[in-house]
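Along the sequence shown, residues carry numbers from 1.
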Amino acid sequence: MDFGLVLQTDPPAAEVVELMRRAERAGFSHGWTFDSAVLWQEPFVIHSRILEHTERLRVGPMVTNPGTRTWEVTASTFATLNDMYGNRMVCGIGRGDSAMRVAGRRPNTLARLGEAIDAIRDLAEGREAEVDGNPVRIPWIRDGRLPVWMAAYGPKALALAGRKADGFILQLADPYLTEHMVKAVRRAAEEAGRDPAAVTVCVAAPAYVGDDLDHAREQCRWFGGMVGNHVADLVARYGEHSGLVPEELTAYIKDRHGYDYSHHGRAGNPSTDFVPDAVVDRFCLLGPAAAHVEKLRALRDLGVDQFAVYAMHDAREAVIDAYGEHVIPALG
């Protein structure tokens, strides 16, 4: 199992770079950042510094989207960094939540997301692609390589990930839901004539190592609110009891009342008071290192290839070090 570290690009950027260096020394293979240009600093500028100051770490956004940048600009940015640092970029992509909504836009449609996955990958690897109805090719790219991993929850999105993406990003660490969604992605891949095992599965969630579970839950409760944004979209689209989306995912948002993006992804987010302890425990990894190893073994047995640690809490360095000392050696 691989391990990734996920950070917001809060200033100072040098601190983000140093945490990524710490993660590489601890045995992490991937470094991910949020991509929401209004809420945080521009990630691709910081990705360049991370790549410069690490040796092996693979780097990318978790996640970008097809709407905040034109596709040729996104592809050229990835390709430039790959050319500079040796094909170490990974494109995590989704419909766009905070990046789109804080700018007053709606998230992208799945149809547009599917077109963007193909176009960004083709352009970044030097092939011609259609962008807004026009053929485009970036002529200077040689030997480019860009895996594109798609974030998804709902049935149509899971099917799209299986048909088109090189990897699937699931932003929660609940074994029951993971099994349900991994099966859906692999089924779609097989139906599309692809090798289901070739789709990399990445589970991303907060991890907090320690014995004070009450404190750990308060530091990670924000995550249930972030996931709740996507769940609310699913309920609006499919209905609360449609049978198309597991009620284990949708039931907990019944008391959700709006969301303030100024606190997005942060401990103490006041918009997440509707998230019960049981959901925090299911979606996140809490407790002593041995409990993390146990849950991660269960996820690995379900086909998870990478666990990406959201480290937006008061013990970022401690969780990196604990994973390096106890968790990665047990599972890496």
Side-chain angles (χ1 to χ4, degrees), residues 1-4 28-32 56-66 71 74-75 78-79 82 86-95 110-130 141-205 244-246 296-308 331-332:
M1 178 179 268
D2 287 336
F3 289 84
F28 288 72
S29 62
H30 287 66
W32 304 94
R56 301 170 304 280
L57 204 68
R58 298 181 65 82
V59 177
M62 188 175 283
V63 292
T64 193
N65 72 86
W71 301 349
T74 297
F78 278 112
N82 274 337
N87 284 341
R88 290 165 54 195
M89 293 297 292
V90 181
C91 175
I93 194 167
R95 293 175 59 226
L110 287 175
R112 185 163 176 79
L113 176 56
E115 293 171 2
I117 288 172
D118 289 337
I120 291 168
R121 183 199 291 117
D122 284 343
L123 289 169
E125 294 185 349
R127 296 183 294 276
E128 183 178 287
E130 185 174 295
I141 295 175
R142 300 288 184 274
D143 302 319
R145 172 72 179 132
L146 184 65
V148 180
W149 297 9
M150 178 183 155
Y153 292 107
K156 292 182 179 179
L158 294 168
L160 179 62
R163 292 196 307 270
K164 289 186 176 289
D166 302 296
F168 162 48
I169 297 171
L170 175 58
Q171 295 174 92
L172 53 80
D174 177 76
Y176 174 83
L177 293 170
T178 298
E179 182 177 21
H180 171 86
M181 295 181 185
V182 169
K183 284 181 177 178
V185 169
R186 290 188 167 155
R187 183 167 56 249
E190 187 172 15
E191 290 171 352
R194 306 178 65 200
D195 177 4
V199 180
T200 302
V201 177
C202 173
V203 160
L244 297 173
V245 181
L296 287 168
R297 281 185 174 141
L299 292 169
R300 183 184 62 183
D301 291 344
L302 295 173
V304 174
D305 301 295
Q306 180 180 146
F307 177 59
L331 293 156

**Message:** Checking D195 now: which residues fulfil side chain to side chain contact (heavy atoms under 4.5 Å, CB included) with it, not counting sequence neighbours?
**Reply:** A197, A198

**Prompt:** Rounded to the nearest 0.5 Å, how far does CG of D174 lie from NE2 of H180?
**Reply:** 11.5 Å

**Asked** Minimum heavy-atom separation for P246 to L177, with atom names?
**Response** CB-CD2, 3.8 Å

**Request:** Give every residue pair that meets the ring-ring contact (aromatic ring centres under 6.0 Å, His included) criterion with at least one member in residues 146-166, sequence neighbours excluded.
**Result:** H30-W149, W32-W149, Y153-H230

**Request:** Take M1 and Q306 through the side chain to side chain contact (heavy atoms under 4.5 Å, CB included) test and state the conclusion after the steps.
**Result:** CA-CA 5 Å; M1 178 179 268; Q306 180 180 146; 5.7 Å; no

**Message:** For the OG1 atom of T74 and the CD1 atom of I120, what is their distance to the nearest 0.5 Å?
**Reply:** 5.0 Å

**With sequence neighbours excluded, residues passing salt bridge (Lys or Arg N to Asp or Glu O under 4.0 Å) with E115** = none

**Message:** If I compare all heavy atoms of A129 with all of D122, which pair ends up nearest, and what's the gap?
**Reply:** CB-CB, 4.1 Å

Using atom types as modelled, flag every donor-acceptor pair under 3.5 Å from a side chain in residues 183-191 to any protein atom, sequence neighbours excluded.
residue, atom, partner, partner atom, Å
K183, NZ, E179, OE2, 3.4
R186, NH2, G303, O, 3.4

**Asked** What distance do M150 atom CE and L113 atom CG have between them, rounded to the nearest 0.5 Å?
**Response** 4.5 Å

**Prompt:** How far does CG of L158 sit from CG of L110, to the nearest 0.5 angstrom?
**Reply:** 10.0 Å

**Complete:** Between the CG atom in L57 and the CZ atom in R88, the distance rounded to the nearest 0.5 Å is 6.5 Å

**Closest approach of R194 to G162 (non-hydrogen atoms, all atoms of both residues)** = NH1-O, 2.7 Å

**Request:** Please list, chain by chain and in numerical order, all residues satisfying side-chain hydrogen bond (donor to acceptor under 3.5 Å, both in side chains) with R58, sequence neighbours excluded.
**Result:** none

**Residues that T64 engages under side chain to side chain contact (heavy atoms under 4.5 Å, CB included), provided they are two or more places apart** = D35, P61, R69, C91, I93

**Prompt:** Between the main-chain N or O of V201 and the side-chain N or O of D305, is there a donor-acceptor pair closer than 3.5 Å?
**Reply:** yes

**Complete:** Heavy-atom closest pair (M89 atom, P147 atom, distance to 0.1 Å) is O-CD, 3.6 Å

Using distance only, find each side-chain donor-acceptor pair of residues 165-173 under 3.5 Å and give its atom names and separation, not counting sequence neighbours.
residue, atom, partner, partner atom, Å
D166, OD2, R121, NE, 3.1
D166, OD2, R121, NH2, 3.2
D166, OD2, V148, N, 2.8
Q171, OE1, Y310, OH, 2.5

**Message:** Holding to side-chain hydrogen bond (donor to acceptor under 3.5 Å, both in side chains), I want the full list of residues that pass it with D2, two or more places apart in sequence or in another chain.
**Reply:** none

**Prompt:** Is a side-chain donor or acceptor of N87 paired with a backbone partner of L146 at a separation under 3.5 angstrom?
**Reply:** no

**Asked** Where is the tightest heavy-atom contact between W71 and A119, given as atom of each residue plus distance?
**Response** CE3-CB, 3.6 Å

**Message:** R297: which residues meet the side chain to side chain contact (heavy atoms under 4.5 Å, CB included) condition with it, sequence neighbours left out?
**Reply:** V293, R300, A330, L331

**Item:** Any pair counted as salt bridge (Lys or Arg N to Asp or Glu O under 4.0 Å), so long as it reaches residues 154-164, sequence neighbours left out
**Value:** D118-K164

